[in-house]
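Read the numbers this way: they start at 1 and go in the same order the structure lists the ligands and their atoms.
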Amino acid sequence: MTQFTLDNRYPDALPATGYAHCDPAPAPAPALLLVNEPLAEALNIAPSWLQGADAAALWTGNGPLAGTRPVALAYAGHQFGQPVPQLGDGRALILGQVTTRDGAVVDLQLKGSGRTPFSRGGDGQAALGPVLREYIVSEAMHALGIPTTRALTVATTGATLERQFGPEPGAVLTRVAASHLRFGSFEYFAHRGDTDGLQALVDMAIDWHDPDWRDASASERAAALLDRVVERTAALISEWLRVGFIHGVMNTDNMTLSGETLDYGPCAFMDGFRPDRVYSSIDVRGRYAWNQQPRIGHWNLTRLAECLLPLLDPDEASATQRAERILATYPGRFEAHYNRALSAKLGLTDLRGGTDPAVGEEATGEDAELAERLLGLMARHEADFTNTWRVLATDRPDSPGQCRAMGEWLGHDDALAQWMDDYAARLQAAGIAESTRQSRMNHTNPAVIPRNHQVEAALDAARQGDMAPARQLIDALQSPYHPPPSAAWLQRPPSLAEVVPATFCGT
Ligand code: AMP
Ligand code: MG
C-alpha cells in the first residue's frame, strides 16, 4: 500500500513551545460522506486518495499516513474581550501542505480527529452538524468570492458524541487554508514574553503571505506585516457586510493573518435586515453583531499590534507610535472598501474591477450615503437583506412597476418614493445604462445565500442519515450570483415558523 505523505512546514519554522506532534485518534468505523472534487482537483490530490478503499480512513486520520507528522498548534486569544493565555488546536491537526495548481502552498487540517495536548477539558471530537455547517457555509463563501478557508472532505468516525442537544455522529472535516496563523498565535508568544517566537511568526507570515517583504529588516517586516493584515482585515470585513454575513465569534484566535474567514461556528447570513442582528446563542451582548464587525476588526488588530511592539522598535514609545500610525489607517481603509461595496450594490461602480480602488470608477461617499439610506429603509421593515437588492435590479428605478415592487419590501411611503427618485437621478447623472446597472448589481448582490433554516434542515436530515438535502444545498450555492432555475427554492425567505433565531457552536 502506498503512503500518503506530506511535508509539514510548521515544526521547522516554530519554536518547540509553539506546537506539538500528535497522532489522530482511531476512528471506530470511518465513512466518507462528502468529497469536494473541484477543490481536490485544484489541490492536485489524486482521485485514488479520495475514492480508494483507504479514503475514509485517510480523511479521518486513520492512515495510510505514515511519514507525515501531524501537528497541533498552540495559540492564545481574546475571547469576548477577555484574554485567554492558552488555547491551541484542541481537536485539530495540521497534516501538512500541498501545492495547488496555481502554485500556492496550503495547509490540510483535520478537525475533529481526537484529543491533542491542547484539548483542555474537551473530547477532541467534532459533531456532524457543525462539521457540515462549516462545509456548506465556507464553500458558499468561496463561491461568493470572499476569502475563506475551504472544505475538502467530511467523514464520519463511527463514534457517537454526547452534545448539547443529545447524541450526534462524530465527524472529521478536512480544512484547507492558506495558513493557520492567527492573531492568537502571536498572543501566545507575547503572553510568554518570547520575542524570538514572535519574530519566527512574523517571518512565517511574511514568507507565506507577503513574500515581497522577505528581504526587509526585522522591524520593517513586522511593520509591513501589520500593515498588510490591517488591509486584509478591512477588506474581508467589508465583504462580510456586503453579503449580510455575521461571523459570530470574532475572537482573536479566529482571525487569520492571511485575511481568510476562519471558524464557522455560530455564524449566519441574515434573512431580515437589522444592523444589530446577532445569531450566536452565546453572544448575549451583541459584541459581534453585523454592524459591530468593523469596529471589532479594529479592536482585534490592536491586540495583534500590541504583540508586535517589541519587534517594531526597541524603544517602547517609538514602537507604540509606529503601531498606532499603522492602526490609524484601518478606519479609512475599511470605509474605502465598504463605500465601494455599497456603491457596487447599487450598480454605480463595478466590484469586478478587483479590490484596487484605482480600477474602475471611484466610489464616492455620496453613493455610500445613498446606499445607507436604503439600508435604513430596509432596517425599518426588516426587509430581506438578499432579496431586496435583487428586486432593485429587476427594472428601471423610475418605472412605476419597480416602485411598487420595492414598496412590497419597504412599505409604500414617501421616504421610499423620494429614495427611488434620488437613485434614478444619480444613475442618470452618472450616465449608467440600465443594462450595466443590472449586470453590476447581479454580480455584487447574491441571489442565493445559505439561509439558516435551509442549513438547519440539511443538518437535521444528515443526522438522520439522509445526506440528500445537504448535497442539494451545496450544489445550489455554487453559483450564488447567477443560480440555475433549480436553485430558485433557496431564494425564499423563511416563514415565521421557519425562522432560526439562534445558532450554536455545538462543539
Ligand atoms: P472554537 O470555539 O472552535 O474557536 O474553539 C475554541 C477553543 O476550544 C479551541 O482551542 C478549540 O480547539 C477548543 N475546542 C473546541 N471544541 C473542542 C473539543 N470538542 N475538544 C477539544 N477542544 C475543543
Ligand atoms: Mg476557533
- Message: Is G124 close enough to touch ligand 1? Criterion: a residue heavy atom under 4.0 Å from a ligand atom.
- Response: yes
- Item | CG/D7: more than 12 non-hydrogen atoms of other groups inside 6.0 Å | no
- Task: Give a yes/no on ligand 1: does R120 have at least one heavy atom closer than 4.0 angstrom to it?
- Result: yes
- Item | Atoms of ligand 1, numbered as shown, that sit under 4.0 Å from any heavy atom of S119 | 21 (C), 22 (N)
- Message: Under 4.0 Å, counting heavy atoms only: does F118 come that close to any atom of ligand 1?
- Response: no
Solution key, residues 30-39 side-chain donor-acceptor pairs under 3.5 Å, sequence neighbours excluded:
| unit_1 | atom_1 | unit_2 | atom_2 | d |
| --- | --- | --- | --- | --- |
| N36 | OD1 | L39 | N | 3.2 |
| N36 | ND2 | E139 | OE1 | 3.0 |
| N36 | ND2 | E139 | OE2 | 3.4 |
| N36 | ND2 | A151 | O | 2.9 |

- Query: So, does R163 sit close enough to ligand 1 that a heavy atom of it is under 4.0 Å from the ligand?
  - Reply: yes
- Message: For ligand 1, which is the ligand I care about here, please tell me if G90 has any N or O atom under 3.5 Å from one of the ligand's N or O atoms.
- Response: yes
- Taking NZ, NE, NH1 and NH2 as the nitrogens, is one of them in R242 or E239 under 4.0 Å from a carboxylate oxygen of the other? yes
- Indicate, with yes or no, if the rings of F273 and W389 have centres closer together than 6.0 Å. no
- Are more than 12 heavy atoms from other residues, nucleotides or ligands located less than 6.0 Å from atom CD of Q86? yes
- Message: Side chain or backbone, does D123 bring an N or O within less than 3.5 Å of an N or O on ligand 1?
- Response: yes
- Query: Which residue pairs pass the side-chain hydrogen bond (donor to acceptor under 3.5 Å, both in side chains) test with at least one member in residues 127-137, sequence neighbours excluded?
  - Reply: K111-E134, R133-E456, E134-R175
- Region of N254 engaging ligand 1 - heavy atom pairs below 4.0 Å: side chain
- Report yes or no: is the cationic atom of R303 (NZ for Lys, CZ for Arg) closer than 6.0 Å to the six-membered ring centre of W299, at no more than 45° off its axis? yes
- Message: Going by ring-ring contact (aromatic ring centres under 6.0 Å, His included), name the residues that satisfy it together with Y19, two or more places apart in sequence or in a different chain.
- Response: H21
- Message: Please determine whether a side-chain nitrogen of the Lys or Arg among R9 and D107 lies less than 4.0 Å from a carboxylate oxygen of the Asp or Glu.
- Response: yes
- With heavy atoms and a 4.0 Å threshold, my read on which part of D263 contacts ligand 1 is side chain
- Message: Geometry only, no angles: is G88 polar-contacting ligand 1 at N/O separations under 3.5 Å?
- Response: yes
- Message: For the residue pair R192 and Y188, would you count it as a cation-pi contact if the rule is NZ or CZ under 6.0 angstrom from the ring centre and within 45 degrees of the ring axis?
- Response: yes
- Item | R285 atom CZ, over 12 foreign heavy atoms within 6.0 Å | no
- Message: To check you understand the geometry: which heavy-atom pair defines the closest contact between D253 and R182, and what is its length?
- Response: O-NH1, 2.8 Å
- Which of the atoms of ligand 1 are close to G122, meaning less than 4.0 Å from one of its heavy atoms? 20 (N), 21 (C)
- At a cut-off of 2.8 Å, protein N/O/S around the Mg ion (ligand 2) gives N254 OD1, D263 OD2
- Sub-4.0 Å atoms of ligand 1 with respect to non-hydrogen atoms of Y75: 9 (C), 10 (O)
